[in-house]
Chemist: 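I have a structure I would like to understand better, so I am pasting it below and will then ask my questions one at a time.
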Amino acid sequence: MAYRRQRQVVGAVGLALVAFVAAVLVAAGPPHSLLVALQLAALGLGGACDLVSAVDSPLTRRVPWYKWSGAGSILLGISIPLGVVPTGSQEGDALFLFGMTVLASLSITAIGVELLLFDGVHLFDDPPDGASASTH
């Protein structure tokens, strides 16, 4: 049952993301712009990946749970800056906000890349699959 608490937290985040996307779609209807549609799709898919990683299933037996969590983190990291993409003639403040949001989301995306590609060897003292940092 190693990493049970991490999986529970990731599952709660996934549930919150999926519920948020559902609430937005119910309250506002279908998105009227491509950027909003992409952001909601990335949030929803990221949440779904996190939900998959939280439970033992045929999917997590085929692909380890932490890789699902990594994919969810990557999608979340991609979705965040989509909410502040400058459109049309924006002032410098909008570009600054977009740049800072991209920088902030890079940490979430980097964690996802670490989990997806490197099996979390640089994040966990005892990586989930028993790999070590020297093997990557």
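Given the structure is predicted, the values throughout are model-derived calculations rather than measurements. When reading the values below, keep in mind they use all heavy atoms of this one structure, side chains included, and skip hydrogens, waters and symmetry mates.
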Chemist: Do Phe98 and Leu103 belong to the same hydrophobic cluster, where Ile, Leu, Val, Met, Phe, Trp and Tyr are linked whenever their side-chain heavy atoms lie under 4.5 Å apart, directly or via other members?
Modeler: no
Chemist: In the structure I gave you, are the side-chain heavy atoms of Thr109 and Ser73 within less than 4.5 Å of one another anywhere?
Modeler: no
Chemist: Testing the basics here: between Val18 and Gly47, what is the closest heavy-atom pair and its distance to 0.1 Å?
Modeler: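 Shortest heavy-atom contact: CG2-C, 3.7 Å.
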Chemist: With heavy-atom distances below 4.5 Å as the criterion, would you say the side chains of Ser53 and Tyr66 are in contact?
Modeler: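 Answer no - side chains too far apart.
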Chemist: Shortest non-hydrogen contact from Pro81 to Val102?
Modeler: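 Taking Pro81 first and Val102 second, the nearest heavy atoms are CB-CG2, 3.8 Å.
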Chemist: So do Ser105 and Ile78 actually touch side chain to side chain, heavy atoms under 4.5 Å?
Modeler: no
Chemist: Would you mind checking if Asp56 and Arg7 are paired as a salt bridge, meaning a charged N to carboxylate O distance below 4.0 Å?
Modeler: yes
Chemist: Determine, step by step, whether Leu75 and Leu43 satisfy the side chain to side chain contact (heavy atoms under 4.5 Å, CB included) criterion, reporting the C-alpha distance in whole Å, the side-chain angles of both residues, the deciding distance to 0.1 Å, and the verdict.
Modeler: CA-CA 7 Å; Leu75 287 164; Leu43 276 173; over 6 Å; no
Chemist: Can you name the closest pair of heavy atoms from Leu115 and Ser69 and give their distance?
Modeler: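 Answer, listing the atom of Leu115 first, then Ser69: CD1-OG, 4.0 Å.
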Chemist: Is there a chain of hydrophobic side chains (I, L, V, M, F, W, Y, each step under 4.5 Å between heavy atoms) that links Leu15 to Val13?
Modeler: no
Chemist: Are Val21 and Leu35 connected in a single hydrophobic cluster, I mean Ile/Leu/Val/Met/Phe/Trp/Tyr linked by side-chain heavy atoms less than 4.5 Å apart?
Modeler: no
Chemist: Please answer: with hydrophobic residues joined when any side-chain heavy atoms are less than 4.5 Å apart, are Leu106 and Val113 in the same cluster?
Modeler: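 Leu106 does not cluster with Val113.
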Chemist: Roughly how far, to the nearest 0.5 Å, is the CG atom of Leu45 from the CG atom of Asp50?
Modeler: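 Reported value, rounded in 0.5 Å steps: 11.0 Å.
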Chemist: Quick one: does any side-chain atom of Ser79 pair with a main-chain N or O of Leu76 as donor and acceptor, under 3.5 Å?
Modeler: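 Side chain of Ser79 to backbone of Leu76, a donor-acceptor pair under 3.5 Å: yes, one is there.
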Chemist: Can you name the nearest heavy-atom pair linking Gly77 to Ile108, along with the distance?
Modeler: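 Heavy atoms of Gly77 and Ile108 come nearest at N-CG2, 3.9 Å.
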Chemist: Does the side chain of Trp68 come within less than 4.5 Å of Thr60's, by heavy atoms?
Modeler: yes
Chemist: Can you find a heavy atom in the side chain of Leu40 that is under 4.5 Å from one in the side chain of Pro31?
Modeler: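 Yes. Closest side-chain heavy atoms under 4.5 Å.
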Chemist: Rounded to the nearest 0.5 Å, how far apart are NZ of Lys67 and SG of Cys49?
Modeler: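 SG of Cys49 is found 13.0 Å from NZ of Lys67.
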Chemist: I'd like to know if Val36 and Val84 are part of one continuous hydrophobic network [Ile/Leu/Val/Met/Phe/Trp/Tyr, side-chain heavy atoms within less than 4.5 Å].
Modeler: no
